[in-house]
Amino acid sequence: MSEQVAGGRIDVSVLGPVQLRRDGVLVPLGPQLTTLLAILLLELGKPVPSRRLATLLAGDDVSDAARATLRSHVAHLRRALEPGERGQRGKGLIATAGHGTAAGYRLDLEPACVDAVRFEESVRESRRLLALGDAEQTDRAVAVLRTALDDWHGEPYADLADRPFALVEIARLRAVHRAALLAYAEAVNESGRHAEAIGDLIGAVAADPYDEGLRCMLALTLYRDGRTDEAAEVCRHGLALLGGRGIDAPELHRLQRDILRREVRQPAGGPAGRSSVPRMLPPDLPRFVGRAQELSTAEDRLVGRDEPRSAVLLVLGPAGVGKTSASLRLAHRLAPRFPDGQLYANLRGFDASAAALAPTEVLRVFLEALGVAPEQIPANLNAQMARYQAHLRDRRILIVLDNAHDADQVRPLLPASTTCVTVVTSRNRMSSLIAVDGAHPLTLGLLDEEEAGQLVGDRIGADRAGKEPEAVSEIAQLCAGLPLALSIAAARAAANPQFTLQALADDLAGAGVLDRLADSDSSVDVRAVFSWSYRALTPAAARLFRLLGLHPGPEFTAASAASVAGVGRRAANALLAELTGAHLTGERVPGRYVMHDLLRAYAGELSEAEPERDAARRRMLDHYLHSAVAGDRALMPHRQPVAMAAPEEGVTPEDIAEVDPLAWFTAEHQMLIAMVGCAAQAGLDRHAWQLAWATATYLGRGSYWHDVLTTQSLALSAATRLDDRPAQAQCRRELSHALAGLGRPEQARFQLHRALTDLADAADPNGQAYIHLSLGWLCELQGDRRAAAHHDQVALDLFTRGGDRGGQARALNAVGWDLAQVGDYRQAIGYCRQALSLHAELGDDAGAVNTWDTLGYAYQHLGEYIIAVECYEQALGLNVGHRFKEAEALAHLGDCHHALGDMTAAAVSWGRAYAIMTELRTDGAEAVRAKLELCGTRTRLAAAGQVEGERRALSTAPSTRAPEK
């Protein structure tokens, strides 16, 4: 499109050098006119002050001469745009806005005259067509994208690429072009026309060779076009380039592996792996007043039939206006229409005590909720986004992104699928999310007087409110209809039934706390309202509220609150009841409390002046450390302990004996990780590394390798600052397990050898022995059984010398496993029997799990299947929370049942093993699936006389022992 003016049709190009054409003829512009045109284009339809224009054109010179030169340039540009409108001030395409020193210029060109605008419109149209999903619309989308890409003539604003004022727009247009190119490539791949995208992708990769996503798409397209060697070379070259810069590229590694194995998945069929139905919405509020019209409008916009559906709803408004409450009420109303689940995250965009959540952190939580195993979640943001989009495709899922800071935090979390809906809340307007991503804004204003009065009456009781209607109206007016302020005022009234409502209204008026919140900075008034409620607390409850500001939140238990305050459990429960009654905390489930982010920020500010701040933080960390150590001891009683200081006076750790330790670790999973970071940040290095140590068993058993990597990296830094070599060695050993679990064995080996170096001068044969056990496990993973056997024997000798009988038992099992792997089953049984005797003597059931599995493996391969079944069942009975060991034992048990002719029992065991292995994404899953398939054809094979061949096929799956956890 172009604009018809007196001098002809106008077209402006910015996708490449900035150029002006009139009736298709290039209009020559000098450098200054080109720059002036570009500045006005970047602010299309908006006045640009003359002072800014003169500064951008002439540097810091804002003299009369510079302004005169600007006027001359504007006149020349007017003539270039419209020869027939020469010199007419305020008319035509360049209008003069304002007067005197406040004057400026505005370009009133139709947006469709600009090639970049047309390009983005084409991209939006293609997305709409692709979302329809049928082949005809996909072909139309490909044609639209092809035309748009052909109109891209190089770097946007190419002749102004070094000018700071253009950099943001240049970067944005690059991102739009990249997204369009990837969408085009994916679309033609789905249509089977792979070759059509290769040329564009080659050019894009040449322009940006370090873009992993573009390189993956090029390699994938080449592979699908039958050019396998070229695809593999694209991967190899990219890995070399990225590796040279120290950049990890897990998706490119994975794609290279799949290409070399000829195992790349085809476009059809959807995402691989298990899909879960997440239910992450927080509970709906039992009391909710107002917003009927806004909620109805939002519901119609998102799922209505009478108007176009918006995939993103942006709920806006000042702090305390009830964005989260209204959004949760809306989400619970909509939830039945989204049977595939609901995702929720508080992005902490305005959290004063913790950093805003990065998209990678949120995507990790969402992917786990969608069924992706932790060790299978990529580290790279683009790869995470691709996996996330794949799991959302064609599923009806509702996503709520609460408390967002800006569009950059939200955009990676938006689904590409039109079957999903996203609700975003924010204090910022996020105009780019509206303009670029098509979000529908819903601004929540203050409650009107009737709704505000209803809210107060609902909290304090209709009878009491009805006796003083004028006071209720005054409170509503003084609170300016702000729901947060109204709730706190009503809570004060409810907690003090002896006060008249008029006295409360007078107190509000005198406090000066109810000014209307400003959109740009709403914290001042909210803080004042909080302070008003805070001053009504008893001294003990106020102290607890201040100290809870040290907690990283958002959840905490009554026991942890007791430890932070250094009081008993009963006293803490009473204080928490007072805080909950004043709406300064909320009890999410019995015994677990939450604090709104603004309240927590306010409490954190109060804690800064608290004289016992440091002591309270130590008590908090001691609470989690000693609770986690107790939980770890319950999971693995004979794990080599670490020397810990006694907890601070007043600390009351969780009573792990009263709860399931695995359930406790699961509930406190994220909190424990946060506490490691909290300790490290506060300089409490001993707490940092010991907290990481105490969580390692739980995290390892669940294969949460990314979390182990995070915590142990912090722990290693802390132990290094302490110059504690044994602690460093322990951290490196745990770190090696995570690295191996994440497919980085060489880095794992490096850490283990460094750990041995750390212990070289220490008289600690047991510590060295555990490291050799880990080296043995790592060597076996890499297929080096001779080295594995060597390290395991060294470990046994060291444990024997060091007198660690639990370690001896583990090493005996490891040596027995090594012997079984080379076919010396009788000698393996001897070692395992010695190990079991030691385990029984020590009462170490957790340690016996591996040994029973090894013993069953040996008997199984000797053909003594009944004894093997008993061994595997013993292993399963003693196993607590170690999913990998459970899956291995079940797989072996299925083999034995099959050998004994019990096909039903074999299928049950294999089915359970396959479910766990699929969840953990272990390499043995496919082998077990193959056994299940063969199991289903047993009758046909037997009729053909092939039962023995079937038995050989069913015994070929490799086995590896799990790390000692």
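Numbers for residues simply follow the sequence, beginning at 1.
- Remark: D200 engages R146 in a salt bridge, criterion side-chain N to carboxylate O under 4.0 Å.
- Formation of a donor-acceptor pair under 3.5 Å by the T425 side chain with backbone atoms of N403 is found in this model.
- In this structure, the side chains of L363 and M385 come closer than 4.5 Å at one or more pairs of heavy atoms.
- Between H177 and L173 the shortest side-chain heavy-atom distance does not fall below 4.5 Å.
- For the pair D115 (side chain) and V14 (backbone), a donor-acceptor distance under 3.5 Å is present.
- Contact of the T360 side chain with the Q384 side chain is registered, since non-hydrogen atoms from C-beta on lie closer than 4.5 Å.
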Next on the checklist: Go through it in stages, so that I can follow the logic: the residues are V142 and L129, the test is side-chain contact (heavy atoms from CB on, under 4.5 Å), and I'd like the CA-CA distance, side-chain angles, deciding distance and then a yes or no.
Outcome noted: CA-CA 9 Å; V142 167; L129 293 170; over 6 Å; no
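- Put simply, the side chain of Y105 never gets that close to the backbone of A95: no donor and acceptor are under 3.5 Å apart.
- Residues R106 and D108 meet the side-chain proximity criterion, which asks for heavy atoms closer than 4.5 Å.
- Contact annotation: the side chain of I94 approaches that of L77 to within less than 4.5 Å [non-hydrogen atoms, C-beta and beyond].
- Of the possible polar contacts, one joining the E212 side chain to the E251 backbone as a donor-acceptor pair under 3.5 Å is found.
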Next on the checklist: Assess the residue pair R364 and E361 against the criterion (salt bridge (charged side-chain N to carboxylate O under 4.0 Å, His left out)); give the C-alpha distance rounded to whole Å, side-chain angles, the decisive distance to 0.1 Å, and a yes or no.
Outcome noted: CA-CA 5 Å; R364 179 169 298 283; E361 297 175 81; over 6 Å; no
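- Side chain of D406 to backbone of D408: a donor-acceptor contact under 3.5 angstrom is found.
- Donor-acceptor pairing under 3.5 Å is lacking for the side chains of Q389 and R387.
- Evaluation of the salt bridge (Lys or Arg N to Asp or Glu O under 4.0 Å) test over residues 433-442, restricted to residues two or more places apart or in two chains, returns R411-D437.
- Of the candidates L330, V424, V423, L401, V315 forms a side chain to side chain contact (heavy atoms under 4.5 Å, CB included) with just one, namely V423.
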Next on the checklist: Under the criterion salt bridge (charged side-chain N to carboxylate O under 4.0 Å, His left out), I'd like the reasoning laid out for R215 against D211: C-alpha separation, chi angles, the key distance, then a yes or no.
Outcome noted: CA-CA 6 Å; R215 192 173 286 275; D211 189 316; over 6 Å; no
Next on the checklist: Set out, in order, the CA-CA distance, both residues' side-chain angles and the distance that settles side-chain contact (heavy atoms from CB on, under 4.5 Å) for L56 and T35, then state yes or no.
Outcome noted: CA-CA 9 Å; L56 293 175; T35 302; 5.7 Å; no
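- Here the side chain of S426 pairs a donor or acceptor atom with the backbone of A404 at under 3.5 angstrom.
- Classification of D151 and R118 as a salt-bridged pair fails, no side-chain N sitting under 4.0 Å from a carboxylate O.
- For the residue pair Y344 / D402, a side-chain donor-acceptor distance below 3.5 Å is found, with atom types taken as modelled.
- With Q409 contributing its side chain and H405 its backbone, the two residues share a donor-acceptor pair below 3.5 Å.
- Side chains of L20 and L26 form no contact here, defined as non-hydrogen atoms less than 4.5 Å apart.
- D11 and R9 are not joined by a salt bridge, as no carboxylate oxygen comes within less than 4.0 angstrom of a charged side-chain nitrogen.
- Ion pairing of E294 with R291 is present here, as a side-chain N (NZ or NE/NH1/NH2) and a carboxylate O approach within less than 4.0 Å.
- With hydrogens and angles left out, the side-chain atoms of R79 and H76 include a donor and acceptor closer than 3.5 Å.
- Put simply, the side chain of S126 gets close to the backbone of V123: a donor and an acceptor are under 3.5 Å apart.
- Taking 4.0 Å as the cut-off between side-chain N and carboxylate O, R172 and E169 count as a salt-bridged pair.
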